[in-house]
> 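Okay, here's the structure, questions in a sec.
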Amino acid sequence: MIEFADVHVRLGSRDVLRGITACLPERRVGVVGANGSGKSTLARLINGLALPTSGSVTVLGLDTRRHAAKIRRGVGFLFTDPDAQIVMPTVAEDVAFSLRRKRLPREEVERRVAEVLARYGLAGHADHPAHHLSGGQKQLLALCSVMVLEPDVLVMDEPTTLLDLRHSRQVADLLREMPQQVVVVSHDLPLLAGFDRVLVLDEGRVVADGTPDEAIAHYRKIMS
Amino acid sequence: MTGLTGAYVPGTSPLHRLPAGAKLGGLAAACTVLVLLGSPAALAGAAAAVAGLYALARVGVAAAWAQVRPVRWFAVALFALQWFTVGVEGAAVTTLRVVLAVALAGLVTITTRTSDMLATLERCLAPARFVGLDPFRVSLLLSLTIRSVPVLTGLAARVREAQRARGVERSLRAFAVPLVVGALRHADALGEALSARGLDD
Ligand SMILES: Nc1ncnc2c1ncn2[C@@H]1O[C@H](COP(=O)(O)OP(=O)(O)O)[C@@H](O)[C@H]1O
Ligand SMILES: [Mg+2]
């Protein structure tokens, strides 16, 4: 459950979000909107990477302003550019890096890493340098490094923007299987088909909110 | 595969399974022995031993050559210079010492994951906590540096391509400005991704 209560965000001299109020209990939530409409800022509010200038954001029953560290443990975040998220030189090491603060025994770490790599089709690449992967495989690796922590909520900021059609479809398929609540910011409209709810942002406000069909129709109208 | 990032060759040999600390300790000891060995015969024996260790690691000839390849011209120059100053025997001894030390260091890199190496470093640095140095931060900094080499190389290649596409062949400023901007943007994104992965608490 994610709750925005009259959230305003001001960055520099710009009002990026102007009064967002929404309660999101749905399992699959999409966010669409023009470039600069505030989508990334909205996404970053969910795990406390961005904080509201006024108003409040509550995730997993906690206020992001007071419990940012705890919330980040429960909210996984996938960015657009996988290169910026991969911090270790090889595939398995990067996934294992996510687990280091859990202080698990080595065998347990190896087991979990192998399991998540197998689930996302990277089992054969465990010891490969991350920079030898294709863009799509890098994004899958970034996803593995998030999912190995079994977050309660997953936020994705344009996860398929840099991917080819095949990898985009793969991400869409994987998304369908995830047990977590997922919030996806995307211009990839087919990715949002079948979602429970889609919000349309325009200049920092929610201008439509409903089923994917309704919201996307509204989005197309304001974009034309 | 070049440099630090692609150096690890996966395997299950006894050398792969040896803890990183033991390998680094062994490397230090072996280099000391190399310095103490004085005769060409003794160094030939050492060379055989190093070759034996490579065979034990089962990493293949190509990976072994990749370790000493970067110093091949240096070795040739060293040998030539020493030949003139201390004679052929001394030249052989000095050159073999250097090449064997490089080969041994390479063997450690080939058989050890970066993360294991860094974990060992972190343990060795643990006493530095008392002077306010956080070993985890040092090792994180090193892994980020290693990881950023291919990212920045890729960025540099893209910038060059973009310049060429616009007909600019040689301009330091047209290359440096977007590269620096890109590097800063990457650093920003990396910092944010580290926070998202729970590393700032
Ligand atoms: N740190 C910042 N300082 C000032 N303005 C910012 C900052 N970050 C984002 N913005 C501005 O806020 C607006 C919304 O940004 P963002 O949330 O990234 O939108 P979107 O993801 O929909 O493209 C953009 O116009 C952007 O330029
Ligand atoms: Mg954005």
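The model shown is predicted, which means the values in this text are computed figures rather than measured ones. The chains referred to below are lettered A, B, ... by the order of the sequence lines, with proteins before strands, and numbering in each begins at 1.
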> Taking C-beta and beyond as the side chain, do B:R197 and A:V87 meet within less than 4.5 Å on heavy atoms?
yes
> If you draw a 6.0 Å radius around CZ in B:R69, do more than 12 non-hydrogen atoms from other residues or ligands fall strictly inside?
no
> Considering only heavy atoms, which portion of A:I86 lies under 4.5 Å from any heavy atom of chain B: side chain, backbone, both, or neither?
both
> For A:E93, is there an ion pair with B:R147 - N to carboxylate O distance below 4.0 angstrom?
no
> If you compare all heavy atoms of A:Q85 against all heavy atoms of B:A193, which two are closest, and at what distance to 0.1 Å?
CA-CB, 3.9 Å
> Please find the pair of heavy atoms, one from A:R72 and one from B:S195, that lie closest to each other, and give the distance.
CD-O, 3.1 Å
> If you count the non-hydrogen atoms of other residues, nucleotides and ligands that lie under 6.0 Å from CZ in A:R27, is the total more than 12?
yes
> Grab the two heavy atoms, one from A:D83 and one from B:H186, that are nearest each other, plus how far apart they are.
O-CE1, 3.7 Å
> To the nearest 0.5 Å, how far apart are CZ in A:R100 and CG in B:L140?
8.0 Å
> Which one of A:G76, A:S145, A:A126, A:A96 has the most heavy-atom pairs closer than 4.5 Å to chain B?
A:S145
> Using non-hydrogen atoms and a 4.5 Å limit, figure out which bit of A:N47 sits close to chain B: side chain, backbone, both or neither.
side chain
> Measure A:D81 against the heavy atoms of chain B and call it side chain, backbone, both or neither at under 4.5 Å.
neither
> With the side chain counted from C-beta on, respond yes when B:E192 and A:L49 share a heavy-atom pair under 4.5 Å apart, and no when they do not.
yes
> Give a yes or no on whether A:E108 atom CD has more than 12 heavy-atom contacts from other residues, nucleotides or ligands under 6.0 Å away.
yes
> Please determine whether the number of non-hydrogen atoms from other residues, nucleotides or ligands lying under 6.0 Å from atom CD of A:E115 exceeds 12.
yes
> Decide if atom CZ of B:R72 counts as having more than 12 heavy atoms of other residues, nucleotides or ligands within a radius under 6.0 Å.
yes
> If you take all heavy atoms of A:A84 and B:L190, which pair is closest and at what distance?
O-CD1, 3.0 Å
> More than 12 non-hydrogen atoms from neighbouring residues, nucleotides or ligands closer than 6.0 Å to CZ on A:R169, yes or no?
no
> So does B:R160 have more than 12 non-hydrogen atoms from other groups sitting under 6.0 Å from CZ?
no
